[in-house]
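Notes follow the structure.
Quick caveat, the model's predicted, so the values are computed rather than measured. Because only heavy atoms are used, hydrogens play no part in the values below, and waters and symmetry mates are left out as well, while side chains stay in.
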Amino acid sequence: MNCYCGNSKSYTDCCEVFHLNKGKTETAEQLMRSRYSAFVLADGDYLMATHHSSTRPIKEKKAIVKWAKSVQWIRLEVLETSNGSINDVEGIVTFNAYFFEKGKVDVISEKSAFVKENNQWFYLGLSK
């Protein structure tokens, strides 16, 4: 079975590696994909650990996990990646995350900003 993030690798060979190493990805897109898989698995600890400390919604962790468990995740579609490579310190990933909630399909469309600090990528928030 393919990884939740849509890569052709298995979860074990893809996002689980990052879930176990606390988000030490090489690229912003890898982090974004691993965060999507964490939403599928309702892994609030990973979502908080990979969210930049300046924007981390600690008080909302329980609500985020509850919501992530309440929907059925369908698929992730990465539309565009700007920067965010191994040699960058900033990156932007534009994506659609499809899910089924209350009898209908919905989508989160987001242009996300990522930043690398101390050689580790973090989700910063919506890109401006």
**Request:** Identify, with sequence neighbours excluded, every residue that meets salt bridge (Lys or Arg N to Asp or Glu O under 4.0 Å) alongside Glu16.
**Result:**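 Partners of Glu16 by the salt bridge (Lys or Arg N to Asp or Glu O under 4.0 Å) criterion come out as none, since no residue qualifies.
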
State the [atom1]-[atom2] distance between [X] and [Y], to the nearest 0.5 angstrom.
X: Asn83; Y: Lys116; atom1: CG; atom2: NZ; answer: 11.0 Å
X: Trp73; Y: Cys5; atom1: CH2; atom2: SG; answer: 13.5 Å
X: Cys14; Y: Asn2; atom1: SG; atom2: CG; answer: 9.5 Å

**Item:** Residue pairs, two or more places apart or on separate chains, that pass salt bridge (Lys or Arg N to Asp or Glu O under 4.0 Å) and touch residues 23-34
**Value:**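 Found Glu29-Arg33.
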
**Prompt:** Can you pull the salt bridge (Lys or Arg N to Asp or Glu O under 4.0 Å) pairs that have at least one residue in residues 91-112, sequence neighbours excluded?
**Reply:**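 Of all non-adjacent pairs touching residues 91-112, none passes salt bridge (Lys or Arg N to Asp or Glu O under 4.0 Å).
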
**Counterpart residues, side chain to side chain contact (heavy atoms under 4.5 Å, CB included), relative to Ser54 (two or more places apart)** =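 Ser54 satisfies side chain to side chain contact (heavy atoms under 4.5 Å, CB included) with His52, Leu124 only.
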
Please name the pair of heavy atoms, one in [X] and one in [Y], separated by the smallest distance, quoted to 0.1 Å.
X: Val78; Y: Met32; value: CG2-CE, 3.5 Å
X: Pro57; Y: Ile64; value: CG-CD1, 4.0 Å
X: Leu31; Y: Gly23; value: CD1-O, 4.1 Å

Only counting residues at least two apart or in another chain, list the ones meeting side chain to side chain donor-acceptor pair (under 3.5 Å) with [X].
X: Ser10; value: Asp13
X: Tyr11; value: His19
X: Asp88; value: Ser85

**Message:** Tell me if a side-chain donor or acceptor on Gln120 pairs with a main-chain N or O of Lys22 at a distance below 3.5 Å.
**Reply:**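 Side chain of Gln120 to backbone of Lys22, a donor-acceptor pair under 3.5 Å: yes, one is there.
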
**Request:** Not counting sequence neighbours, list each pair that qualifies as a ring pair (Phe, Tyr, Trp, His ring centres under 6.0 Å) and has a residue in residues 100-121.
**Result:**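 Those involving residues 100-121 are Phe114-Tyr123.
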
**Message:** Assigning hydrophobic clusters by single linkage (Ile, Leu, Val, Met, Phe, Trp, Tyr; side-chain heavy-atom cutoff under 4.5 Å), is Val105 placed with Tyr36?
**Reply:**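 No, separate clusters.
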
**Asked** Quick one: are Ser112 and Ser127 in side-chain contact, heavy atoms under 4.5 Å?
**Response**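 Not in contact.
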
**Heavy-atom check, side chain of Thr27 versus side chain of Gln30, under 4.5 Å** =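 Touching, per the 4.5 Å side-chain cut-off.
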
Listed pairs under 3.5 Å, donor-acceptor, residues 38-51 side chains, sequence neighbours left out:
unit_1	atom_1	unit_2	atom_2	d
Asp43	OD1	Asp45	N	3.4
Asp43	OD1	Tyr46	N	3.0
Asp45	OD1	Lys61	NZ	2.3
Tyr46	OH	Ser34	OG	2.6
Thr50	OG1	Arg35	NH1	2.8
Thr50	OG1	Tyr46	O	2.8
His51	NE2	Thr55	O	2.9
His51	NE2	Thr55	OG1	3.2

**Prompt:** Taking ILVMFWY side chains as joined if any heavy atoms are under 4.5 angstrom apart, and letting links pass through other members, which residues group with Leu20?
**Reply:**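 Reading the cluster by chain and number, Leu20 sits alone, since nothing else belongs.
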
What side-chain donor-acceptor pairs closer than 3.5 Å can you find for residues 90-99, not counting sequence neighbours?
unit_1	atom_1	unit_2	atom_2	d
Asn96	OD1	Ser109	OG	2.7
Asn96	ND2	Glu77	OE1	3.0
Tyr98	OH	Glu77	OE1	2.9

